Chemist: 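To start, I am sharing the structure in question, which I have written as structure tokens.
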Amino acid sequence: MDLILSSTSSSISHHKIFTGFSSKQDSRHGVEQFGSLNLKAMPEEKALVVTNGSSNNKIPHVLTMAGSDSGAGAGIQADLKTCAARGVYCSTVITAVTAQNTVGVQDVNILSEESVAAQLKSVLSDMHVDVVKTGMLPSTAMVKILLDSLKQFPVQALVVDPVMVSTSGHVLAGSSILDTFRQDLFPLADIVTPNLKEASALLGGLQLETVTDMRSAAKSLHDMGPRNVLVKGGHLPSSTYAIDIFFDGKDFYELRSSRIQTINTHGTGCTMASCIAAELAKGSSMLSAVKVAKRYVETALEYSKSIIVGNGSQGPFDHLFKLNRKKSSTQQLFDPSDLFLYAVTDSGMNKKWGRSITDAVKGAIEGGATIVQLREKEAETGEFLEAAKACLEICRAHNIPLLINDRVDIAMACDADGVHVGQSDMPVNTIRALLGPEKIIGVSCKTPEHALKAWADGADYIGSGGVFPTNTKANNRTIGLDGLETVCLASKLPVVAIGGINLSNAKSVMELGVANLKGVAVVSALFDQECVVTKTRKLHELLTETVANVGPAMV
């Protein structure tokens with residue numbers, strides 16, 4: 001999967017991203033600040049889910065303002081399910097109650113302006129809402145009520161899904177609302193997410209039949225004031241791909257994925273916008289949130305293509321598809337800070353010192369390892385799988401992510417938290433399609449081009465090196481500290497340094513002070529030692545001290 005940059009003007013470039021049907025955001029940190037309505041600055045750290053009754057932790061919170069769908073495929077119901085699936089709290093303001101099912105929309109009952117205003121005030125005055133997402137806004141008065149409310153109770157971001165035409169083609173809002181959207185709502189939106197029919201209506205009936213048309217539409221919509229535009233091309237004629245166009249005012253990003261042949265597509269637009277809102281609430285950048293949402297929808301469609309709900313021609317899809325995969329409830333979500341001390345096991349070293357792989361993992365975790373990768377080149381498949389399962393139990397008990405090197409089959413069989421692959425291994429988009437959106441994928445990279453491709457393909461982090469010569473990998477070209485710094489500066493993903501790193505040189509690595517260099521990955525320095533615990537603890541102490549001295553750049 002390639003990232004293609006083609007200049008369309010001196011200030012606008014085009015990025016083609018083949019996403020597959022999967023998910024992960026670029027990073028939970030380094031979030032862009034949202035402008036408009038004096039919106040609050042995004043938190044530098046991800047919000048945390050309340051546990052053990054604690055009231056001190058912030059829960060990511062989305063408020064959705066939309067219509068109720070009695071069939072539960074779209075609208076408020078889709079928003080609630082999407083946010084729940086993405087681990088975000090969702091409150092609601094209902095603008096209309098619809099009677100609809102898989103056959104169509106039979107009735108629309110618009111709520112009073114007083115009721116909508118009361119719902120907004122009730123939630124915003126009491127709860128700490130991060131992001132507001134709008135769907136069906138059936139009157140100009142409701143738009144103005146929303147904007148007045150946001151002036152009184154600012155939020156971090158406003159996601160506008162200009163619902164006028166449902167996926168099935170039913171008109172849900174009249175043309176009278178168009179001017180209000182253009183003049184009042186769009187200038188305050190951080191992103192608007194129209195489908196082709198809605199984009200056409202907003203642009204005076206302009207026909208949108210090609211990707212070029214979609215890009216022109218995104219530019220024209222951006223001129224109306226929103227900071228970002230996502231034109232969804234699910235209905236694009238004669239396309240073998242599902243193509244969406246994202247435009248941030250400077251660059252175009254073409255997000256492609258394979259079309260999923262299914263009738264269960266009701267609510268895809270609501271779901272896409274809600275997922276974007278959820279990821280923004282968790283601290284993602286805008287482009288990252290869009291990529292996650294794209295993959296989430298594609299994955300949900302894939303898992304739902306054969307389910308049957310109702311007798312009509314368009315059914316809903318399963319937002320909670322991961323329930324069908326029987327995943328462990330303790331699946332580790334990726335946090336770039338997990339890369340701080342990355343322990344990579346080696347079967348040869350374990351045999352040399354007469355220790356099992358589980359003992360090696362226990363020792364590394366006890367010493368302070370923050371993530372573990374099983375790199376067992378000599379192990380037989382059956383033996384490796386059983387060892388991986390045992391190591392996963394250890395890691396889950398300590399809330400430490402466990403990744404498998406290269407072996408996607410082992411990762412799938414034991415339900416590991418993810419995989420790490422090299423440049424010559426299975427492509428990231430293929431891995432993502434196999435593992436789904438929740439799993440962690442890391443890629444070894446030596447060059448800025450490798451790093452850029454890893455980001456475009458949907459990896460979660462890169463391992464850059466070898467920084468120094470190492471005996472664990474034959475003929476491994478080293479890039480040195482200068483090469484590492486070059487890759488870090490080019491990378492849009494968090495980076496862990498790899499290759500020949502030990503107690504004598506780890507300090508020099510972390511003293512580079514590059515913001516997205518999150519830690520070091522080590523093999524021999526931990527596992528080719530008599531006592532894994534002691535060596536891991538010493539390295540952890542050294543890294544902690546170095547980062548503290550380097551200062552804010554490493555945060």
Side-chain angles (χ1 to χ4, degrees), residues 23 25 34 60-69 72-86 88 90-96 129-137 143 146 150 155-167 172-173 177 181 185-186 188-199 202 218 221-222 226-235 242 244-248 255 265-282 284-301 316-317 319 437:
S23 153
Q25 60 209 44
F34 294 89
H61 187 153
V62 169
L63 167 62
T64 175
M65 182 176 178
S68 170
D69 174 3
I76 288 288
Q77 288 81 353
D79 298 342
L80 286 167
K81 288 186 280 188
T82 301
C83 288
R86 301 308 303 162
V88 171
C90 185
S91 55
T92 64
V93 171
I94 298 176
T95 60
V129 174
D130 297 304
V131 178
V132 169
K133 175 262 176 186
T134 68
M136 182 180 177
L137 298 176
V143 176
L146 169 64
L150 291 181
V155 296
Q156 292 167 3
L158 175 61
V159 176
V160 174
D161 186 22
V163 175
M164 292 169 285
V165 184
S166 71
T167 307
L172 299 176
I177 198 77
F181 278 176
L185 189 60
F186 282 12
L188 299 177
D190 288 281
I191 185 170
V192 296
T193 62
N195 60 32
L196 289 181
K197 294 177 182 178
E198 290 157 351
L202 288 162
L221 291 169
H222 187 270
R227 296 189 68 215
N228 301 275
V229 176
L230 178 69
V231 177
K232 298 171 296 190
H235 297 94
D244 298 332
I245 297 295
F246 175 75
F247 182 57
D248 61 8
L255 292 90
T265 59
H266 182 50
T268 49
C270 303
T271 299
M272 175 79 83
S274 294
C275 191
I276 292 171
E279 297 307 314
L280 292 176
K282 290 191 289 187
S284 177
S285 67
M286 184 62 76
L287 177 56
S288 173
V290 170
K291 289 171 66 180
V292 169
K294 172 76 169 173
R295 295 177 186 137
Y296 171 72
V297 170
E298 294 302 320
T299 306
L301 286 171
F317 59 90
H319 293 79

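Here the structure is a predicted model, which means the values were calculated and not measured. Residues: numbered from 1 along the sequence shown.
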Chemist: With a 4.5 Å cut-off on side-chain heavy atoms, are Thr64 and Val93 touching?
Modeler: no
Chemist: Measure across His319 and Gly73 and return the closest heavy-atom pair with its distance rounded to 0.1 Å.
Modeler: CE1-O, 4.0 Å
Chemist: Test Leu150 against Val132 for side-chain contact (heavy atoms from CB on, under 4.5 Å), laying out the working first.
Modeler: CA-CA 9 Å; Leu150 291 181; Val132 169; 3.9 Å; yes
Chemist: List the atom of Ser274, the atom of Cys83, and the distance in Å for their closest heavy-atom pair.
Modeler: O-SG, 4.3 Å
Chemist: Does a side chain donor of either His222 or Asn228 reach within less than 3.5 Å of an acceptor in the other side chain?
Modeler: no
Chemist: Is it true that Asp244 and Lys291 make a salt bridge, defined as a side-chain N closer than 4.0 Å to a carboxylate O?
Modeler: no
Chemist: Looking only at atom types and distance, does a side-chain atom of Lys81 sit under 3.5 Å from a main-chain N or O of Ala72, one as donor and one as acceptor?
Modeler: yes
Chemist: What's the separation between atom CG in Leu137 and atom CG in Leu146, rounded to the nearest 0.5 Å?
Modeler: 6.5 Å
Chemist: If you compare all heavy atoms of Leu80 against all heavy atoms of Cys90, which two are closest, and at what distance to 0.1 Å?
Modeler: CD2-O, 3.7 Å
Chemist: Any side-chain heavy atom of Leu202 within less than 4.5 Å of one from Leu221?
Modeler: yes
Chemist: In the structure I gave you, are the side-chain heavy atoms of Asp161 and Val192 within less than 4.5 Å of one another anywhere?
Modeler: no
Chemist: Quick one: pull up OG in Ser91 and NE2 in His61 and give me the separation to the nearest 0.5 Å.
Modeler: 2.5 Å
Chemist: With heavy-atom distances below 4.5 Å as the criterion, would you say the side chains of Val290 and Leu255 are in contact?
Modeler: yes
Chemist: Where is the tightest heavy-atom contact between Gly67 and Gln77, given as atom of each residue plus distance?
Modeler: O-OE1, 4.4 Å
Chemist: Side chain of Asp190, backbone of Val159: donor and acceptor closer than 3.5 Å?
Modeler: no
Chemist: Please find the pair of heavy atoms, one from Lys232 and one from Gly269, that lie closest to each other, and give the distance.
Modeler: NZ-CA, 3.4 Å
Chemist: For the residue pair Tyr296 and Met272, establish whether any side-chain heavy-atom pair is separated by less than 4.5 Å.
Modeler: no
Chemist: Angle between ring planes, Phe181 versus Phe186, binned at 30° and 60°: parallel, tilted or perpendicular?
Modeler: parallel
Chemist: For a side-chain contact (heavy atoms from CB on, under 4.5 Å) check, start with the C-alpha distance between Leu158 and Val131, then their side-chain angles and the critical distance, and finish with the verdict.
Modeler: CA-CA 6 Å; Leu158 175 61; Val131 178; over 6 Å; no
Chemist: Starting at CZ of Phe246, measure out to OG1 of Thr193 and round the result to the nearest 0.5 Å.
Modeler: 11.5 Å
Chemist: Indicate yes or no: at least one non-hydrogen side-chain atom of Asp79 is less than 4.5 angstrom from one of Thr92.
Modeler: no
Chemist: To the nearest 0.5 Å, what is the distance between SG on Cys270 and CG on Asp69?
Modeler: 8.0 Å
Chemist: Can you check side-chain contact (heavy atoms from CB on, under 4.5 Å) on Asn195 and Thr268, steps first, answer last?
Modeler: CA-CA 10 Å; Asn195 60 32; Thr268 49; over 6 Å; no
Chemist: Ignoring hydrogens and angles, tell me if any N or O in the side chain of Thr271 forms a donor-acceptor pair with the backbone of Gly267 under 3.5 Å.
Modeler: yes
Chemist: Please find the pair of heavy atoms, one from Val62 and one from Lys133, that lie closest to each other, and give the distance.
Modeler: CG1-CB, 4.3 Å
Chemist: Take Lys282 and Arg86, measure what side-chain contact (heavy atoms from CB on, under 4.5 Å) needs, and give me the verdict at the end.
Modeler: CA-CA 9 Å; Lys282 290 191 289 187; Arg86 301 308 303 162; 4.0 Å; yes
Chemist: When you measure from the side chain of Ser68 to the backbone N and O of Ile76, does any donor-acceptor pair fall under 3.5 Å?
Modeler: no
Chemist: Could you check if a side-chain atom of Leu287 sits within less than 4.5 angstrom of a side-chain atom of Asp248, using non-hydrogen atoms only?
Modeler: no
Chemist: Judged by modelled atom types alone, do Ser288 and Glu279 share a side-chain donor-acceptor pair under 3.5 Å?
Modeler: no
Chemist: Any heavy-atom pair between the side chains of Val231 and Leu196 that's under 4.5 Å?
Modeler: yes
Chemist: Any side-chain donor-acceptor pair under 3.5 Å between Asp130 and Gln156?
Modeler: yes
